[in-house]
*Asks:* 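The structure that follows is given in the form of structure tokens.
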Amino acid sequence: MKKTFSIGGVHPNDSKISAGCRIEMLPVPQTVYISMAQHLGAPATPVVSVGDRVKTGQVIGEPAGFISAFVHSSVTGTVKSIGPRPDLAGNKVTHVEIAVEEDEWAEGIDTSETVVREIPRDNAFILDRIKSNGVVGLGGATFPTHVKLSPPPGKKAEILIINGAECEPYLTSDYRIMIEKPEQIVIGAGIMKQVLGGPRTVIGIEDNKPEAIASMQAAVEKLSVLSPSYSGIEVMVLKKKYPQGGEKQLIDAVARRQVKSMGLPIDVGAVVQNVATSMAVYDAVMKNRPLITNTLTVTGDCLPAERQKNLLFRIGVPFSFIIEQTGGMPENAVKVISGGPMMGKAISNLDATTVKGSSSVLYLTAAQTVRRPESNCIRCAKCVEACPMGLEPYLLNKLARNGMMEELEQNAIQDCIECGCCLYSCPANIPLLDVIRVAKGDVMRAIRARSAKK
Amino acid sequence: MTTTIIWTIAILTLLGVVLAVVLYLVAAKFRVEEDSRIDDVEKVLPGANCGGCGNAGCRAFAKSCVETMDLDRNFCPVGGNGTMKKVAAVLGIEVREKAPMVAVVRCNGSCENRPKVNDYGGYASCRVKAALYSGDTGCPFGCLGCGDCVAACQFGAIRMNPDTGLPEVDQDKCTACGACVRACPKNIIELRNKCPRGMRVFVSCVNKDKGAVARKACKVACIGCGKCAKVCPHGAITVEDNVAYIDFTKCKLCKKCVAECPTGAIHAVNFPVLKNKEE
């Protein structure tokens with residue numbers, strides 16, 4: 001029997017409309033705006049000044065803390081301005097504006113397409129490459145990858161999970177790279193496996209992606225014959241269920257280990273990396289190529305089939321440019337989402353630019369976005385059944401509305417992963433996640449303030 | 001038959017007497033000494049339990065008054081000076097009169113002044129909306145218009161104006177308890193001096209963006225030009241982070257700043273209308 005995580009979860013229609021579309025290159029606009037806050041943690045500090053000429057792949061932002069990452073220029077051109085600019089939620093973030101010229105890559109970057117399979121033996125060298133090329137987790141949280149690959153002393157990685165679940169409906173970018181660039185992903189997995197000291201390595205893929213499973217299995221077989229570094233990497237087929245791609249859910253599904261409240265995956269000896277991150281690790285280590293491109297899906301029910309796309313884009317390209325290049329916004333679209341329909345964010349400002357973690361431009365129609373009127377909780381406990389973290393969303397909602405902070409903490413609101421299963425399953429249309437997310441923020445702040453005081 | 005009844009009555013009576021003695025002894029042993037003045041003070045309070053004084057409710061306020069015997073730091077905004085005088089009489093101490101306050105909404109970003117740039121389709125709560133993004137207008141500082149302040153007001157003193165999409169405070173009903181101030185995630189609402197006849201001069205904007213950006217988002221934004229600060233004869237106006245603020249303790253209601261403001265961000269309300277100005 002295929003494995004999946006043990007508690008909660010929902011089964012939204014997967015709507016992978018763009019699954020059959022090959023990855024295409026998105027042209028580069030005349031101006032790109034590169035955000036300095038593309039990762040979890042402290043925003044990077046710009047290290048270029050107005051008027052400087054930058055090459056593709058050149059460092060333009062340096063990490064401003066331990067949990068932070070390098071930012072590179074995705075184009076060749078002249079720095080026009082450095083200053084605050086609204087991101088997709090309208091919050092002001094420092095961006096570097098670059099006027100694009102003829103593409104010229106910085107020295108030392110291998111731009112060829114030949115696949116390099118020989119993994120360097122020096123782990124410090126590998127980690128340095130991953131760090132200096134600005135690799136962050138591309139599964140959604142954009143946590144700096146080199147930090148995740150350096151477990152704290154006393155903790156050892158026993159299992160490395162490569163996340164190919166892509167459980168969000170509509171998104172197909174991970175699916176396409178698994179079909180088109182499986183070798184690179186497996187090599188990336190091999191590199192991370194070596195850095196972590198050779199733990200068991202599993203590539204987890206949901207069963208709604210048979211082509212990707214076949215392609216990844218073929219790549220693993222091919223590579224394991226070539227070099228012992230790749231032997232023992234397994235491809236595990238998982239039963240489709242949302243949110244399988246959640247870190248803690250995937251660890252449960254693959255290894256049957258449960259991360260305790262407020263714990264990290266490494267506490268149970270697990271490290272989870274997305275397939276796209278794995279590919280970025282390959283690019284960074286083998287090609288010395290910084291993370292300046294990523295794949296995103298342009299999709300939606302209201303978008304005609306021929307305009308569904310999977311695009312390789314340069315980071316810093318405005319969303320408005322992507323929409324324009326793919327034939328404009330469909331007429332009946334009322335909302336544009338970046339990320340999946342379950343956890344993605346609505347783009348309130350189309351002039352916002354893509355970041356390392358951008359994974360889609362998803363159009364939703366009025367019928368798909370309308371909020372049905374809220375009614376009273378009937379205590380059916382569907383949300384409790386759906387919560388993959390074992391929380392009681394109806395209770396958290398009640399406590400949050402009454403501002404009962406201590407009780408919220410006792411009921412583990414801080415463990416909420418904001419997957420939206422509760423809201424999805426609620427027959428009374430109670431905005432459970434909206435209320436819980438705000439209260440979770442308050443509780444997390446209180447916890448941080450308390451630990452800072454100690 | 002009769003003996004059973006007699007025995008029953010006798011046993012129950014005995015039981016009652018024994019338990020009464022036990023209860024009496026326990027009550028005497030675990031008696032909590034409480035100042036009787038707390039009850040007296042509580043009786044003169046409004047009993048709204050709104051928390052506007054900073055205590056959990058009216059009883060907690062009464063306790064605080066009795067324990068500290070300091071009415072400068074304990075003030076009931078709902079009852080106002082009248083109630084405080086009664087509290088002072090109960091406690092037998094002096095109380096200084098406090099100027100009455102009123103909640104003031106410092107945003108004038110109506111639909112007309114501040115055009116919408118996107119539609120918010122999420123849950124209608126300012127706190128939720130503020131946590132998601134910067135809002136449906138170009139101004140990331142202004143009123144979100146979901147009415148968290150209206151819901152927070154226990155006195156029915158705030159309502160949303162459907163034409164402007166902004167909350168309006170009924171100054172007669174407002175008790176200055178501060179519930180709306182705490183409910184507003186954008187910190188737009190402020191408690192200000194009520195002044196004679198409710199006359200007030202205040203900057204109706206909290207936008208910290210630079211002038212051009214603020215003006216682009218909203219026609220009546222404070223652009224931080226500082227003209228008002230220069231013209232103020234009482235030194236009541238300061239400009240910080242591109243936004244002016246009028247200190248109501250220094251303002252003498254001369255209205256010079258109102259005439260000087262290029263965007264009309266400074267509001268003067270409840271002033272008698274001068275005849276020659278109308279012409």
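Only a predicted model underlies this, so the values are computations on that prediction, with no experimental measurement involved. A, B, ... follow the sequence lines: proteins, then strands. Residue 1 opens every chain.
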*Asks:* So if I take each residue of residues 115-123 of chain B and look for any heavy atom under 4.5 Å from a heavy atom in chain A, which residues do I end up with?
*Replies:* Asn118(B), Gly121(B), Gly122(B), Tyr123(B)

*Asks:* Picking from Gly441(A), Gly90(A), Ala89(A), which has the most non-hydrogen pairs under 4.5 angstrom with chain B?
*Replies:* Ala89(A)

*Asks:* So, Asn91(A) versus Ser134(B): side-chain donor-acceptor pair below 3.5 Å or not?
*Replies:* no

*Asks:* Answer with side chain, backbone, both or neither: which region of Asp136(B) has an atom nearer than 4.5 Å to a non-hydrogen atom of chain A?
*Replies:* neither

*Asks:* Report yes if the side chains of Tyr394(A) and Lys382(A) come closer than 4.5 Å at any heavy-atom pair, otherwise no.
*Replies:* no

*Asks:* Is it the case that Arg114(B) places NZ or CZ above or below the six-membered ring of Phe141(B), under 6.0 angstrom from the centre and within 45 degrees of the axis?
*Replies:* no

*Asks:* Counting only heavy atoms closer than 4.5 Å, note whether Asp442(A) contacts chain B via side chain, backbone, both or neither.
*Replies:* side chain

*Asks:* Within 45° of the ring axis of Tyr33(A) and under 6.0 Å from its six-membered ring centre, is that where the NZ or CZ of Arg85(A) lies?
*Replies:* yes

*Asks:* Using side-chain heavy atoms (C-beta onward) and a distance below 4.5 Å, is Tyr424(A) in contact with Leu433(A)?
*Replies:* no

*Asks:* Step through the shown structure and confirm whether more than 12 heavy atoms of other residues, nucleotides or ligands are within 6.0 Å of NZ on Lys194(B).
*Replies:* yes

*Asks:* Do you see a donor-acceptor pair shorter than 3.5 Å between the side chains of Glu190(B) and Tyr245(B)?
*Replies:* yes

